[in-house]
Colleague: 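Pasting in a structure now, in structure tokens, and then I'll have a few things to ask.
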Amino acid sequence: MAQYIPAILEFFYILIGLLSMMTAVRCFKDETNDARIGTGLFWLILGVIFAAGQLMPYVVSGVLLAVIGVLTLFKQVKIGKIAELDEEQGQRSAETLGSWVFFPSVLLAIVAVVISYTPLGGQVGIGVASIVALIVAMIITKAPPKVAFDDTDRMFQSVGTTGILPQLLAALGVVFNAAGVGEVISQAISGVVPEGNRLAGVIAYCLGMMIFTMVMGNAFAAFTVITAGIGVPFVMMQGGDPVVAGTLAMTAGFCGTLLTPMAANFNALPVALLEMDDTNGVIKAQAPMAIVMIVIHIVLMYVLAF
Amino acid sequence: MEWIKLIGILIILVGFMFKFDTIAVVIVAALSTALVSGMSFYEFFTMLGEAFVKNRLVTIFLLTLPMIGLSERFGLRQQAVILIKKIKGLTPGKFITLYTALRELAGLFGLRLSGHPQFVRPIVNPMAQAAAKHTYGEITREDEDKIKARSAASENFGNFFAQNTFIASAGVLLIYGTLKDLGYEVSDASIARMALLVAVIALVLSALSNWLFDRKLAKKYKKMKGE
């Protein structure tokens, strides 16, 4: 079965591409959006890269990404007219559906996990589970396809440009890696961290993730750089399990997110939303937990990865 | 002059600090790093395109959005409120812990909530404040602020430490993709299982911290009443 996995995944990418193109068409037609051309282009380009990325020369995708960068730089990608949620409809539906409204989400997780234990693997599982859960959701809610398309468009547009950021950061990691950025960082670190000392490597990886995330405000961006520069040479190559080390490194980074005003969405936004007196109140409330968690991460990685 | 290769990191730092557009900053950082290390424009765009296309997996969570959108329309949030309101007699600490637990559960099922505007402001904080008033009577403005901060923090704890328990989360797929690019073939399900351990620990620690908070409040307001 395993030989079909790339083909099945390609099918899912084409599906995402088509949905993205549907959003593109809606954006092009949306007269209320003053950036409708740019927004439409963004979704069209994304759709083309997803659906046809494997058929086109890679250089074309690379240039198209640069076009996306120019569009977002000049603020030409904006949320246009989307199908807003209706509070009353939600309330009525909650009364009739009750907790069944959670069923499609639960089903999504269950199907995805079950398939991840078959030879098809977790990635195919996500795709299959998404489709199964959507069909079940449409049956339960009796939503016509038009509503499903409207909501898909709403979700796509609200996820928007930040949705592709993790994928773009993964690509950035590949470029950094090819350029040897990781080697430069590991050379700098090797002056501080004694070679072959696993504990020192683990501490450098976890603290590196935390500090870098604090400065950049984004654990995803830190992950690609710090994993290549510190994780691989000082933990994985000393025999550390990549799954354990990589997974813990990511949440070690999140400890940094809890501590930094750079992560405005998480730490400054609630201060404003809750009308708090102390602008650093949220960070102060999180600091003890973040510090305890980073210590726990170091201990866990040292004990479990080796 | 190896150090010049770090220019991309510097660009990202400066770009994020001054809040320039993130996508543009990332692309400029990648381009500058490639150019200083001797790649041509053509080589750079090929590499960027190839890396992006090969990492499409990281964005496969888009496929889960149609179902989540529909669930939202048909009362997902409203039903959550109904369930929470059924539980009575809670202290602020216990209520905030309950929210962290629910938030972690949502993460396990891949629900991508933007919790602060959707839950913390309209539900979590008002209910935690109500629980405080109910348990201790009038509280000081300072304690009110502390409860606000804890309500906001509970959302971040639940969100950060549990999101990777869902195998289709962007975090898991990024870990998977990065490790693969670095030559380590791993399974995404094992990443999610490892993340589950972190989620459980975070929940236990939050519960402990909220319990201590409750105790402090109880002590303080009992003493004040006694005087």
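A quick note: this is a predicted structure, and the numbers were derived from the prediction, not measured. Throughout, protein chains are lettered first and strands after them, A, B, ... in sequence-line order, and every chain is numbered starting at 1.
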Colleague: Could you tell me which portion of B:Lys54 (side chain, backbone, both or neither) has an atom closer than 4.5 angstrom to a non-hydrogen atom of chain A?
Modeller: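 Only the side chain of B:Lys54 comes within 4.5 Å of chain A.
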
Colleague: Contact part of A:Ile110 toward chain B, heavy-atom cut-off under 4.5 Å: side chain, backbone, both or neither?
Modeller: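 Contact with chain B involves no heavy atom of A:Ile110 at all.
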
Colleague: For A:Val282, is it the side chain, the backbone, both or neither that has a heavy atom under 4.5 Å from a heavy atom of chain B?
Modeller: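 It is both, since atoms from each part get that close.
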
Colleague: Side chain, backbone, both or neither: which part of B:Asn164 has an atom under 4.5 Å from a heavy atom of chain A?
Modeller: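 For B:Asn164, the side chain is the part near chain A, not the backbone.
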
Colleague: Side chain from CB out, backbone as N, CA, C, O: work out which of these in A:Ala290 comes under 4.5 Å of a heavy atom of chain B, or both, or neither.
Modeller: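 For A:Ala290, no heavy atom lies under 4.5 Å from chain B.
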
Colleague: Let's test your reading of the structure: which of A:Thr161, A:Val175, A:Ile135, A:Asp277 forms the most heavy-atom pairs below 4.5 Å with chain B?
Modeller: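 The answer is A:Asp277.
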
Colleague: Please lay out, stage by stage, how A:Thr141 and A:Val101 fare under the test side chain to side chain contact (heavy atoms under 4.5 Å, CB included).
Modeller: CA-CA 8 Å; A:Thr141 61; A:Val101 72; 5.8 Å; no

Colleague: Side chain, backbone, both or neither: which part of A:Phe103 has a non-hydrogen atom closer than 4.5 Å to chain B?
Modeller: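 Neither part.
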
Colleague: How long is the gap from CD1 on B:Ile167 to CD1 on B:Ile60, to the nearest 0.5 Å?
Modeller: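 If we round to the nearest 0.5 Å, B:Ile167:CD1 and B:Ile60:CD1 are 10.0 Å apart.
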
Colleague: For A:Asn218, is it the side chain, the backbone, both, or neither that has a heavy atom closer than 4.5 Å to a heavy atom of chain B?
Modeller: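 Only the side chain of A:Asn218 comes within 4.5 Å of chain B.
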
Colleague: B:Met47, B:Glu50, B:Arg73: which one forms the most heavy-atom pairs within less than 4.5 Å of chain A?
Modeller: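 The residue among B:Met47, B:Glu50, B:Arg73 with the greatest pair count is B:Arg73.
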
Colleague: Side chain from CB out, backbone as N, CA, C, O: work out which of these in A:Ile49 comes under 4.5 Å of a heavy atom of chain B, or both, or neither.
Modeller: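 It is both, since atoms from each part get that close.
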
Colleague: Report which part of A:Phe74 has an atom under 4.5 Å of a heavy atom belonging to chain B: side chain, backbone, both, or neither.
Modeller: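 Contact with chain B: none, neither part.
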
Colleague: Name the member of A:Val136, A:Ile283, A:Val225, A:Thr257 that forms the most heavy-atom pairs with chain B at distances under 4.5 Å.
Modeller: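 Max contact count across the listed options: A:Thr257.
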
Colleague: Just give me the residue among B:Val58, B:Val28, B:Ile12, B:Ile23 that pairs up with chain A most often, heavy atom to heavy atom, under 4.5 Å.
Modeller: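 Top option by heavy-atom pairs under 4.5 Å: B:Ile23.
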
Colleague: Where does A:Glu88 contact chain B at under 4.5 Å (heavy atoms): side chain, backbone, both or neither?
Modeller: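 Neither part.
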
Colleague: About how many Å separate CG of A:Leu165 and OG1 of A:Thr72, when rounded to the nearest 0.5 Å?
Modeller: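 Separation between the atoms: 10.0 Å.
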
Colleague: Is it the case that the side chains of B:Thr140 and B:Asp143 hold a donor-acceptor pair, with the cut-off being a distance below 3.5 Å and no angle test?
Modeller: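 Short answer, yes.
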
Colleague: Test side chain to side chain donor-acceptor pair (under 3.5 Å) on B:Ser190 and B:Ser187; report intermediate values, then the result.
Modeller: CA-CA 5 Å; B:Ser190 60; B:Ser187 101; 3.1 Å; yes

Colleague: Under a 4.0 Å N-O cut-off, is there an ion pair linking B:Glu72 with A:Arg154?
Modeller: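 Yes, B:Glu72 and A:Arg154 are salt-bridged.
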
Colleague: For the CD atom of B:Glu142 and the CD atom of B:Glu144, what is their distance to the nearest 0.5 Å?
Modeller: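 The CD atom of B:Glu142 sits 11.5 Å away from the CD atom of B:Glu144.
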
Colleague: Heavy-atom pairs under 4.5 Å with chain A: which of B:Arg193, B:Lys148, B:Met194, B:Arg56 has the most?
Modeller: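 Among B:Arg193, B:Lys148, B:Met194, B:Arg56, the one with the most close pairs to chain A is B:Arg56.
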
Colleague: Which bit of B:Thr46 comes within less than 4.5 Å of chain A, counting heavy atoms only: side chain, backbone, both or neither?
Modeller: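 For B:Thr46, the contact with chain A is made by backbone and side chain together.
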
Colleague: If you count heavy-atom pairs under 4.5 Å with chain B, which of A:Leu64, A:Ile16, A:Leu169, A:Leu300 comes out on top?
Modeller: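 With the most close heavy-atom pairs to chain B, the winner is A:Ile16.
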
Colleague: Does a donor on one side chain sit under 3.5 Å from an acceptor on the other, for B:Arg150 and B:Ser209?
Modeller: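 Yes, because at least one side-chain N or O of B:Arg150 sits under 3.5 Å from a partner of the opposite role on B:Ser209.
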
Colleague: If I measure from the heavy atoms of chain B, does A:Leu304 come under 4.5 Å with its side chain, its backbone, both, or neither?
Modeller: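 Answer is side chain: those atoms of A:Leu304 sit under 4.5 Å from chain B.
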
Colleague: Using non-hydrogen atoms only, which part of B:Leu6 is less than 4.5 Å away from chain A: side chain, backbone, both, or neither?
Modeller: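 When you check distances to chain A, only side chain atoms of B:Leu6 fall under 4.5 Å.
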
Colleague: So which of A:Leu19, A:Ile126, A:Leu269 has the largest heavy-atom pair count under 4.5 angstrom toward chain B?
Modeller: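 Most heavy-atom pairs under 4.5 Å with chain B: A:Ile126.
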
Colleague: Would B:Asp181 and B:Asn55 count as a side chain to side chain donor-acceptor pair (under 3.5 Å) here? Give the steps.
Modeller: CA-CA 9 Å; B:Asp181 288 332; B:Asn55 275 300; 3.3 Å; yes

Colleague: Which residue out of B:Asp188, B:Leu179, B:Val186 racks up the most heavy-atom pairs below 4.5 Å with chain A?
Modeller: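 The candidate making the most pairs under 4.5 Å is B:Asp188.
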
Colleague: If you count heavy-atom pairs under 4.5 Å between each of A:Glu183, A:Met138, A:His297, A:Met250 and chain B, which one has the most?
Modeller: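 It is A:Met250.
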
Colleague: Once you round to the nearest 0.5 Å, how far does CG of B:Leu31 lie from CZ of B:Phe44?
Modeller: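 It comes to 4.5 Å.
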
Colleague: Would you say B:Gln163 and B:Ser169 are linked by a side-chain donor-acceptor pair, where the criterion is simply a distance under 3.5 Å?
Modeller: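 Side chains of B:Ser169 and B:Gln163: no pair found under 3.5 Å.
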
Colleague: For A:Ile296, is it the side chain, the backbone, both, or neither that has a heavy atom closer than 4.5 Å to a heavy atom of chain B?
Modeller: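 When you check distances to chain B, only side chain atoms of A:Ile296 fall under 4.5 Å.
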
Colleague: Name the region of B:Ser71, side chain, backbone, both or neither, that has any atom closer than 4.5 Å to a heavy atom of chain A.
Modeller: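 Its backbone and side chain both get close to chain A.
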
Colleague: What part of B:Ala202 gets within 4.5 angstrom of chain A, counting heavy atoms only: side chain, backbone, both, or neither?
Modeller: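 Its backbone and side chain both get close to chain A.
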
Colleague: Check the surroundings of atom OH in B:Tyr184: do more than 12 heavy atoms from other residues, nucleotides or ligands lie under 6.0 Å from it?
Modeller: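 Enclosed.
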
Colleague: With a 4.5 angstrom heavy-atom cut-off, which part of B:Ser154 approaches chain A: side chain, backbone, both or neither?
Modeller: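 Neither part; nothing is under 4.5 Å.
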
Colleague: Hey, what do you get for CD1 (B:Ile201) to CG (B:Leu196), rounding to the nearest 0.5 Å?
Modeller: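 It comes to 10.0 Å.
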
Colleague: Could you tell me which of B:Glu43, B:Gln79, B:Met39 has the largest number of non-hydrogen atom pairs under 4.5 Å with chain A?
Modeller: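 Ranked by heavy-atom pairs under 4.5 Å with chain A, first place is B:Gln79.
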
Colleague: Does any backbone or side-chain atom of B:Ile82 lie under 4.5 Å from a heavy atom of chain A? Answer side chain, backbone, both or neither.
Modeller: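 Contact with chain A involves the side chain of B:Ile82 alone.
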
Colleague: Just so I understand: if I count every heavy-atom pair under 4.5 Å between each of B:Phe109, B:Phe20, B:Phe74 and chain A, which residue has the most?
Modeller: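 Looking at each of B:Phe109, B:Phe20, B:Phe74 in turn, B:Phe74 comes out on top.
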
Colleague: Rounded to the nearest 0.5 Å, how far does CG of B:Leu62 lie from CZ of A:Phe156?
Modeller: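 One gets 4.5 Å once the value is rounded to the nearest 0.5 Å.
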
Colleague: Over 60° means perpendicular and under 30° means parallel, so classify the ring planes of B:Phe52 and A:Phe50, tilted if in between.
Modeller: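 Rings of A:Phe50 and B:Phe52: perpendicular, over 60°.
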
Colleague: Of the backbone (N, CA, C, O) and the side chain (C-beta and beyond), which part of B:Asn125 lies under 4.5 Å from a heavy atom of chain A, both, or neither?
Modeller: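 Side chain of B:Asn125 only, per the 4.5 Å heavy-atom cut-off to chain A.
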
Colleague: Give the intermediate values and the outcome of side chain to side chain contact (heavy atoms under 4.5 Å, CB included) for residues A:Phe176 and B:Thr33.
Modeller: CA-CA 7 Å; A:Phe176 273 9; B:Thr33 307; 3.1 Å; yes

Colleague: Which word best sums up how the rings of A:Phe266 and B:Phe160 line up, parallel for under 30°, tilted for 30 to 60°, or perpendicular for over 60°?
Modeller: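 Judged by the thresholds at 30° and 60°, the geometry between A:Phe266 and B:Phe160 is perpendicular.
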
Colleague: Measure B:Met17 against the heavy atoms of chain A and call it side chain, backbone, both or neither at under 4.5 Å.
Modeller: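 Both parts, backbone and side chain.
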
Colleague: Sort out for me which of A:Lys284, A:Lys75, A:Met236 touches chain B most, counting heavy-atom pairs under 4.5 Å.
Modeller: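 So the answer, after comparing A:Lys284, A:Lys75, A:Met236, is A:Met236.
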
Colleague: Sort A:Leu85 into side chain, backbone, both or neither according to what part of it lies under 4.5 angstrom from a heavy atom of chain B.
Modeller: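 When you check distances to chain B, atoms from both the backbone and side chain of A:Leu85 fall under 4.5 Å.
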
Colleague: Checking heavy atoms, do the side chain of A:Leu73, its backbone, both or neither come under 4.5 Å from chain B?
Modeller: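 Both parts, backbone and side chain.
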
Colleague: Please classify the contact between B:Tyr176 and chain A as side chain, backbone, both or neither, with a heavy-atom cut-off of under 4.5 Å.
Modeller: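 Just the side chain, heavy atoms under 4.5 Å.
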
Colleague: Which bit of A:Leu97 comes within less than 4.5 Å of chain B, counting heavy atoms only: side chain, backbone, both or neither?
Modeller: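 Answer is side chain: those atoms of A:Leu97 sit under 4.5 Å from chain B.
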
Colleague: Check whether B:Ile9 gets within reach of chain A through its side chain, its backbone, both or neither, counting any heavy atom under 4.5 Å.
Modeller: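 Answer is both: backbone and side chain atoms of B:Ile9 are under 4.5 Å from chain A.
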
Colleague: Judged by modelled atom types alone, do B:Glu104 and B:Asn159 share a side-chain donor-acceptor pair under 3.5 Å?
Modeller: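 No pair is found: no donor N or O on one side chain lies under 3.5 Å from an acceptor on the other.
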
